[in-house]
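Within every chain, numbering begins at 1; the chains are lettered A, B, ... in the order of the sequence lines, protein sequences first and strands thereafter.
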Protein chains: 2
Amino acid sequence: MSAPTLRSLARELGLSRTTLSDALRGSPRVKAETVARVRAAAKAAGYERNPLTGAVMSQLRRSRGQQFRGVLAVVEIIAEGHSPLAVRYNDALMDGISARANALGFKVERFVVGPQGLSLGRLDTILHTRGIQGLILLPAVGFPDLSALSWSRYTAVYADYFIDHPPLHCVCCDHYRSMIALLQELHARGYRRPGLFIEISLDERLQYRWEGAFLALQKYLPGITQVPALQVQGLSREAFTAWFRQYDPDVVLGHFPEVMDWMKACGAKLPKTHAFVCLNSLRTAGDCAAVDFQVPQLGSRACELVVGQLLHNEFGVPSQPSLTTMLGRLIEGPTLRPRVAAKKKKAAAQPVAV
Amino acid sequence: MSAPTLRSLARELGLSRTTLSDALRGSPRVKAETVARVRAAAKAAGYERNPLTGAVMSQLRRSRGQQFRGVLAVVEIIAEGHSPLAVRYNDALMDGISARANALGFKVERFVVGPQGLSLGRLDTILHTRGIQGLILLPAVGFPDLSALSWSRYTAVYADYFIDHPPLHCVCCDHYRSMIALLQELHARGYRRPGLFIEISLDERLQYRWEGAFLALQKYLPGITQVPALQVQGLSREAFTAWFRQYDPDVVLGHFPEVMDWMKACGAKLPKTHAFVCLNSLRTAGDCAAVDFQVPQLGSRACELVVGQLLHNEFGVPSQPSLTTMLGRLIEGPTLRPRVAAKKKKAAAQPVAV
DNA sequence: CGAACAAATTCGGACCGTCCGGGATTTTCG
DNA sequence: CGAAAATCCCGGACGGTCCGAATTTGTTCG
């Protein structure tokens, strides 16, 4: 009489153990009234389901059927003509998502929301009828509002820095730390006048993580000649040339590979006298050093997060959203001096983690 | 055919599932020759035993009905006398960890590593014999090296920004975004000369996230009078007073509540003429506005991460470490003007997310 | 009003890996 | 040769989950 079990409690209530199990977990298969009745009885009898055992059983039961465990929806919110860069970014994300989802036994379907695609209400209906519960939201322009979806049915991750409507878990590259690591690496290679050339709107979206890290490290790395960052609203050759001539940064960090030509026009030899590192490898054609965000890995991590929550039956908006980030990598290129091997162990061919 | 189970493998070998189970665990009940044969076949078929499942089943069978709990190790690395602040931080983490672990069916045990505690080798042995596989590492001074543990046996999370030996997943507060949000909130409340007063060693450990965010936002928030940040190596009343008199910041952000008295001595009235926000609520006694890192929630998240990996049978060092962060919150206090209710919906009593 | 059909709700079966009692076979020994 | 002992292996039960099937309830239409 000391330890009430699922089965004994079920007998007492005149229900099957299955119904009890489903009711206690709040499965929609059981009538709401029954759920309430069962829970009250369980509480009265002092029954506590063992969550660890439950999780393990769930896995065991699932592993038999193998293969197909469900469908994940990848939701793309397209407000207006999206740039080719965004397309490349999203495709890279998709690669990582699909690969990981497949390995975990999930299939992926892509939905497009926006003027040319589905309305939110329509998406909600489709997901509901298809029984899709896991969502991965691809980065959208601006700050999208998805609060119209019935969130209590879904578990989701936003593949960007931040979403407030609703506040979901996010997965994104760590631009701040990537910049820190990049500057430290450049410093180790002997560069002392790093210059940041950035379009304001790009960094604003990232809450100034590029420039924040740049400003802080410019101040604290030893022996640095501070070059003021050049912010522009649009790409302007004149502005760049004037800035480059005035401050003569020995390594330019920026998003636009076009400036390499402008630097050369000013007499710079890459990588002999000056260097250039593109802040986003997706913008390059492999002809310069660049920061690689490892986007597929981000997608993979996002996928793991969603699947993890699905398996734990956690739905709805999280009580406290979190941001999961991963460090970018420096891809070597002909526009940057390789690291001088101070110790023998550092292999130049290896990509250096930044 | 991709997921061999104990039973399917047994059928194939013409043995019973029981014998298989015993053989794989090396029970003396099974003939040595059979053990070898079974193990070889299991390896060939790609059968993998999930240790957590084993533990659950074992307890289930042994002590029927009794609640089985898995065990997580919380590892504290204490190099020298740890500050009372670190103690408070770790205790808050533990609260969150314990609560979440409990809900997930785990219990927590604390291990202390260091000169006054266990050696790494000893810890490794203890964890092995106790069969503990999930580790949560509490923040350590400096950059600890734990590579001596047999990592292939464990899955772990480090509850701080960064660990490189080995590179593990980390969970930490998002100091950068917390500062951004704090400055935006202060700006919305009408403050225009925020001043940052910070000890270098504190921010250096955070890769200058406080100051990086401060520098960037000082530059981009409209109508700001830039007050240069005051960095100190130790707390000095003279340096602070000189800085405060010279630049007259209308809100001081810093770690040390002591400066409130110094500000008052300079003629400041809190919160009438000036304000103070402590950058770490654990340093305050509730007598001033402060940033709350929501440490228990961080612990909770760390716990979820470890348990998730345990359930998925993922051990060893991750191929690509990630950092999971959560936003701090602004706790209102008598040293800060409340937000002026522009719209009626903003309740002053509610803590504003920063 | 009732039949046909759809949706909602509940149930039964199969399953996971472990432990223990016990069965089957072989070995030891009187 | 027979009995006891040793060795090796098997079946049942455990608690909880999942899925398909069965049963009940509700709805539409002739």
Side-chain angles (χ1 to χ4, degrees), chain A residues 2-38 42 45 47-70 105 128-129 131 133 310-313, chain B residues 3-11 13-39 42 45 47-70 104-105 131 311-313:
Chain A
S2 56
T5 78
L6 199 66
R7 282 165 164 87
S8 74
L9 193 60
R11 261 194 305 276
E12 237 169 83
L13 281 169
L15 290 168
S16 79
R17 61 198 156 64
T18 312
T19 309
L20 268 272
S21 175
D22 287 344
L24 289 170
R25 261 173 311 128
S27 157
R29 291 169 74 113
V30 182
K31 188 158 60 168
E33 181 208 310
T34 312
V35 169
R37 191 161 55 96
V38 166
Y47 172 80
E48 273 184 65
R49 103 172 226 287
N50 187 330
L52 181 53
T53 308
V56 167
M57 291 300 170
S58 170
Q59 278 199 310
L60 293 183
R61 186 67 187 82
R62 249 189 281 252
S63 67
R64 182 184 58 99
Q66 301 160 13
Q67 313 300 7
F68 180 70
R69 298 214 267 194
H128 186 46
T129 56
Q133 304 187 296
L310 275 182
L311 293 184
H312 290 103
N313 285 320
Chain B
T5 75
L6 201 63
R7 281 164 164 85
S8 73
L9 195 59
R11 262 193 304 276
L13 281 170
L15 290 168
S16 84
R17 66 195 192 297
T18 313
T19 310
L20 269 273
S21 175
D22 288 344
L24 287 172
R25 266 173 307 125
S27 156
R29 294 170 73 114
V30 182
K31 188 157 58 170
E33 180 207 311
T34 312
V35 169
R37 189 160 57 97
V38 166
R39 287 200 172 150
Y47 175 82
E48 272 185 64
R49 207 172 77 83
N50 186 327
L52 189 59
T53 307
V56 167
M57 290 300 178
S58 166
Q59 286 296 320
L60 177 66
R61 185 72 191 94
R62 198 184 321 223
S63 55
R64 49 188 69 173
Q66 287 197 5
Q67 285 278 334
F68 170 64
R69 330 238 75 186
L104 295 171
L311 289 176
H312 288 106
N313 211 7

Quick one: which of [options] gets closest to the side chain of [X]?
{"X": "B:Val30", "options": "C:dT10, D:dC9, C:dT18", "result": "D:dC9"}
{"X": "A:Ser21", "options": "C:dG17, D:dG16, D:dG11", "result": "D:dG16"}
{"X": "B:Arg7", "options": "D:dC10, D:dA13, C:dG13", "result": "D:dA13"}
{"X": "A:Thr19", "options": "C:dC11, D:dG15, C:dC19", "result": "C:dC11"}
{"X": "A:Thr18", "options": "D:dA13, C:dT10, C:dG13", "result": "C:dG13"}
{"X": "A:Arg49", "options": "C:dC11, D:dC8, D:dG16", "result": "D:dG16"}
{"X": "B:Lys31", "options": "C:dG17, D:dC18, D:dC8", "result": "D:dC8"}

- Counting any heavy atom closer than 4.0 Å, what does B:Leu15 reach on the DNA or RNA strands: base, sugar-phosphate only, or nothing? sugar-phosphate
Whichever of B:Arg37 and B:Met57 has the more 5' nearest nucleotide on DNA chain D, that residue is B:Arg37
Is any side-chain N or O of [X] closer than 4.0 Å to OP1 or OP2 of [N]?
{"X": "B:Arg17", "N": "D:dG12", "answer": "no"}
{"X": "B:Arg29", "N": "D:dC10", "answer": "no"}
{"X": "A:Tyr47", "N": "D:dG16", "answer": "yes"}
{"X": "B:Ser58", "N": "C:dG17", "answer": "no"}
{"X": "B:Thr5", "N": "C:dC16", "answer": "yes"}

Round to the nearest Å and state the distance from [X] atom [atom1] to [N] atom [atom2].
{"X": "A:Leu24", "N": "D:dC18", "atom1": "CG", "atom2": "P", "value": "13 Å"}
{"X": "B:Leu104", "N": "D:dG16", "atom1": "CG", "atom2": "P", "value": "16 Å"}
{"X": "B:Leu13", "N": "D:dC8", "atom1": "CG", "atom2": "P", "value": "18 Å"}
{"X": "A:Leu20", "N": "D:dG15", "atom1": "CG", "atom2": "P", "value": "13 Å"}
{"X": "A:Leu6", "N": "D:dA13", "atom1": "CG", "atom2": "C1'", "value": "15 Å"}
{"X": "B:Leu52", "N": "C:dG17", "atom1": "CG", "atom2": "C1'", "value": "12 Å"}
{"X": "A:Glu33", "N": "C:dT9", "atom1": "CD", "atom2": "P", "value": "10 Å"}

- Message: Tell me if a side-chain donor or acceptor on B:Arg17 pairs with a main-chain N or O of B:Ala10 at a distance below 3.5 Å.
- Response: no
Between B:Leu20 and B:Leu13, the two heavy atoms sitting closest are CD1-CD1, 4.2 Å
State, with a plain yes or no, whether a side-chain heavy atom of B:Leu9 is found less than 4.5 Å away from one of B:Leu15. no
Any side-chain heavy atom of B:Arg39 within less than 4.5 Å of one from B:Leu24? yes
Are side-chain N/O atoms of A:Arg25 and A:Ser21 paired as donor and acceptor at under 3.5 Å?
yes
d(B:Met57 CE, B:Leu52 CG) to nearest 0.5 Å is 10.5 Å
Of B:Asn50 and B:Asp22, the one whose nearest nucleotide on DNA chain C sits closer to the 5' end is B:Asn50
